[in-house]
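Computed from a predicted model, the values in this text were never measured in an experiment.
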Amino acid sequence: MPDGYPDPEVVGWARTEDLEFAGLHIRMTITPGDRIVQLWELADGHPVRWLGNVFRVESEPPVLKLNYRYESQFNRTQRDVVARTGAKFWKG
């Protein structure tokens with residue numbers, strides 16, 4: 001697993017959901033009590049790299065912080081969609 005990926009043995013139960021967006025396979029994760037949705041790029045169903053975080057998910061639009069590798073891959077509209085998807089996942 002990539003560095004920083006939530007280990008259920010350490011953090012307890014982590015909720016996840018996978019999606020495909022902008023040609024990427026992405027896993028959203030959230031750990032108990034956390035207010036940050038972590039985004040991970042998947043390869044063959046396994047997390048390989050941290051993609052970014054959705055912060056302050058109660059704001060509109062939620063704040064999305066992307067890994068520098070992905071900054072140029074998402075335009076403003078795509079960033080808003082990913083941020084809102086992360087917020088919906090957090091609230092779910």
Side-chain angles (χ1 to χ4, degrees):
M1 296 294 172
D3 191 35
Y5 189 80
D7 181 352
E9 292 182 17
V10 175
V11 299
W13 178 78
R15 193 163 50 94
T16 65
E17 184 177 320
D18 296 351
L19 63 124
E20 193 168 327
F21 186 79
L24 295 170
H25 298 282
I26 300 170
R27 176 168 294 155
M28 297 182 291
T29 65
I30 190 163
T31 56
D34 207 345
R35 297 180 58 88
I36 297 171
V37 174
Q38 296 181 6
L39 307 171
W40 301 88
E41 182 181 4
L42 300 176
D44 299 323
H46 302 286
V48 293
R49 186 176 299 113
W50 174 76
L51 189 140
N53 290 331
V54 177
F55 296 94
R56 294 189 342 206
V57 293
E58 69 279 352
S59 68
E60 179 54 41
V63 177
L64 174 65
K65 168 65 177 154
L66 290 174
N67 180 326
Y68 72 93
R69 293 177 184 227
Y70 302 97
E71 287 283 335
S72 64
Q73 291 186 22
F74 291 89
N75 64 35
R76 179 66 183 174
T77 302
Q78 290 172 318
R79 287 171 186 259
D80 288 348
V81 169
V82 170
R84 287 184 180 105
T85 301
K88 183 177 177 182
F89 171 71
W90 177 74
K91 292 175 183 180

Tyr68: hydrophobic cluster co-members (side-chain, 4.5 Å): none

Would you compute the distance between atom CD of Glu41 and atom CD of Gln73 and round it to the nearest 0.5 angstrom? 7.5 Å

Using only atom types and a distance under 3.5 Å, with no angle test, would you say the side chain of Asn53 pairs donor to acceptor with the backbone of Phe55? no

Taken to the nearest 0.5 Å, the spacing of Arg69 CZ from Leu51 CG works out to 11.0 Å

All heavy atoms of Gly45 vs all of Arg27, minimum pair found to be O-NH2, 3.3 Å

Val54 versus Ala87, closest heavy-atom pair with distance: CG1-N, 4.3 Å

Would you check if the side chain of Arg15 reaches a backbone N or O of Trp90 as a donor-acceptor pair within less than 3.5 Å? yes

Is there a continuous path of hydrophobic side-chain contacts, each under 4.5 Å between heavy atoms, that joins Leu39 to Ile36? no

Is it possible for you to say whether Met28 and Trp40 belong to one hydrophobic cluster, with membership spreading through side-chain heavy-atom contacts below 4.5 Å? no

same_hphob_cluster(Val37, Tyr5) at 4.5 Å side-chain heavy-atom cutoff: no

Point-to-point distance, once rounded to the nearest 0.5 Å, from CD1 of Ile26 to CG of Leu42: 8.0 Å

Glu20: side chain to side chain contact (heavy atoms under 4.5 Å, CB included) partners, not counting sequence neighbours: His25

Can you find a heavy atom in the side chain of Arg79 that is under 4.5 Å from one in the side chain of Leu66? yes

Hydrophobic cluster membership, with links at side-chain heavy-atom distances under 4.5 Å among I/L/V/M/F/W/Y: are Trp50 and Val48 in one? no

Sequence neighbours excluded, which residues qualify as side chain to side chain contact (heavy atoms under 4.5 Å, CB included) partners of Arg84? Glu60, Pro61, Pro62, Asp80

With a 4.5 Å heavy-atom cut-off, do Phe89 and Leu19 have their side chains touching? no

Nearest-0.5 Å distance, CG of residue Leu64 to CZ of residue Phe74: 7.5 Å

